[in-house]
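Naming: A, B, ... by sequence-line order, numbering from 1 per chain.
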There are 4 protein chains.
Amino acid sequence: MASVNKVILVGNLGKDPEVRHLEGGLAVARFPIATSESFKDKNGQKQERTEWHNIVVWRNLAEVAEKYLKKGQSVYIEGKIRTNSYQDKEGIQRYTTEIVADNLTMLGGRTDAGANNGNPETASSNAGGRSEAPAFEGEPDDLPF
Amino acid sequence: MASVNKVILVGNLGKDPEVRHLEGGLAVARFPIATSESFKDKNGQKQERTEWHNIVVWRNLAEVAEKYLKKGQSVYIEGKIRTNSYQDKEGIQRYTTEIVADNLTMLGGRTDAGANNGNPETASSNAGGRSEAPAFEGEPDDLPF
Amino acid sequence: MASVNKVILVGNLGKDPEVRHLEGGLAVARFPIATSESFKDKNGQKQERTEWHNIVVWRNLAEVAEKYLKKGQSVYIEGKIRTNSYQDKEGIQRYTTEIVADNLTMLGGRTDAGANNGNPETASSNAGGRSEAPAFEGEPDDLPF
Amino acid sequence: MASVNKVILVGNLGKDPEVRHLEGGLAVARFPIATSESFKDKNGQKQERTEWHNIVVWRNLAEVAEKYLKKGQSVYIEGKIRTNSYQDKEGIQRYTTEIVADNLTMLGGRTDAGANNGNPETASSNAGGRSEAPAFEGEPDDLPF
DNA sequence: TTTT
DNA sequence: TTTT
């Protein structure tokens, strides 16, 4: 196999996270983040292009997102690309791409972005749940090696 | 803006690259690569999921792709996520996501994958063209600092 | 060859950058940044470990560091690991490890950290100099593909 | 805090891993990997510089390293930088830097590199042990989201 | 549509 | 020597 699918983003939330709780209590949160880059067009004019990324987080990271992330905030995200397919109403195969994040660090953001601004923290998510206490809550989640 | 949009992939080409030469000689190549991951389903059965990524490379990296990359080969890719929008024939806004690669390293692959197998190399692309001689050709492209 | 040497850091400057201008006008800046992680020790007590990284930047990135980076600020850095060897006065081979950064994004930091706080920007460095106008200055540095 | 300490390497093992089993059965393996880059010196001559990285892996990743990694093999590694300090016999503070890997994917390597050549796989390590069965053994280690 |  |  020998494959790697890794995404690293630093950007700002375009909306507050939307959280759903599935059967069994499984939590999932979704939110868009924007990244921007500048470039010169062929006339030498400065242009900016904004990319929107649909972020999905599960389990304790979803709880963290629900509690602490707000529109406008800046976040560091690690995750993987996932493309889902579906059929539209004409029966044509369509695709949507999202970033499934497994690591999230708040970096601050707009000064009115919410209570957590100025108190950035890190959180991690694992399928098996590495810790009952979310790393985000200030609980250590790992040995230093 | 303080933003980062970075993708790192290791995967196998699903097809040979398709190369086009635009007006002015600008080259662009496209090819799909697959990444895979294993997981257990709810019945404890091992499952595999394959993700397909549409890779786009420009300029000298496109020339490299044309000459050296073949279906089946394994590559390391660095790039960024780019989502393009278009209207389908019903006038509905649709999106396609691709990875614009700016760094590419061949890692080998199937033993019949092509001439370059067993001689993996690295290539880089820059908007301004850092070097006439593509790094891939064996020319050094950078000072060691 | 087929090798990759890539480092991604988000941390705070422990000191203002120290800048030197070599013969020919080549600029180099150095500064330490700290990253921290929490973990539980064997008694279940929360501990924090701080890692210090010696960052080196060349050319226009060094100019950017000199002008805009200050002790306390938070930065995103991409670069590579480089270990230099030297002989100490007893003639024993010693090693020092540093991170040669080729990409730098300011993320803010302490509110008194300097003039640029609240106005984070991105800068890139290339051996060949991709652009006379540093990206950091607000000039676009790249086409969007 | 808001910090990130992430390293991504693709390189070749310079030696077979050395494995130790600590009290309590905790396993740790160490091995060096080389990354190389080409550059032109001031006379326009092609030069190559090789960087050596000391890799440390713990727990099930150490078992994987012991069983499957051999000198010459190519590996993809994700981890973090860790600098340890100690006093030399003259009482001077010295530092050593290593990469603590938490993710490892075999990419092949020299054709005589060992039994696993041609059968690259991925393994992950977690402080809490995400799975009794190491991912490497062919057991799925994660849900696909 | 790849690879194992 | 930073930051929380």
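You'll find that the side chain of B:Lys15 is closest to E:dT1, out of F:dT1, E:dT1, F:dT2. Distances from the side chain of B:Pro32 to the nucleotides F:dT2, E:dT1, F:dT1 place E:dT1 closest. Taking every side-chain heavy atom of C:Glu48 into account, F:dT4 is the closest of E:dT2, F:dT1, F:dT4. Residue B:Asn12 has its side chain nearest to E:dT2 when only E:dT2, F:dT2, F:dT1 are considered. The side chain of C:Lys71 lies closest to F:dT2, out of F:dT2, E:dT1, E:dT4.
Between the CD1 atom of C:Ile33 and the P atom of F:dT1 there is a distance of 18 Å, given to the nearest Å. In this structure, CD1 of C:Ile99 is placed 20 Å from P of F:dT2, rounded to the nearest angstrom. Here E:dT2 presents its P atom at 16 Å from CZ of B:Phe31, a figure rounded to the nearest Å. To the nearest angstrom, C1' of E:dT1 lies 11 Å from OH of A:Tyr95. With rounding to whole Å, C:Gln73 atom CD is found 14 Å from F:dT2 atom P. For the pair C:Lys70 NZ and F:dT1 P, the computed distance is 19 Å after rounding to whole Å. If you take CD of C:Gln47 and P of F:dT4, they are 20 Å apart, rounded to a whole angstrom. If you take CD of B:Glu98 and P of E:dT1, they are 21 Å apart, rounded to a whole angstrom.
You won't find any donor-acceptor pair under 3.5 Å spanning the side chain of C:Ser74 and the base of F:dT2, going by distance alone. The base of E:dT2 is paired with the side chain of B:Thr50 by a donor and an acceptor separated by under 3.5 Å.
Atoms CH2 and OG1, from B:Trp52 and A:Thr83 in turn, are 12.0 Å apart once rounded to the nearest 0.5 Å. The CD atom of B:Glu98 lies 11.5 Å from the CD1 atom of B:Ile81; values are rounded to the nearest 0.5 Å. Taken to the nearest 0.5 Å, the CD1 atom of C:Ile33 stands 11.0 Å off from the CD atom of C:Glu51.
Between C:Lys71 and C:Asp16 there is no salt bridge, since no side-chain N of the basic residue sits under 4.0 Å from a carboxylate O of the acidic one.
Counting all heavy atoms, side chain and backbone alike, C:Ile99 lies closest to C:His53 at CG1-CB, 4.4 Å.
Where stacking is scored as ring centres under 5.5 Å apart with planes under 30°, B:Trp52 does not register as stacked on the base of E:dT2.
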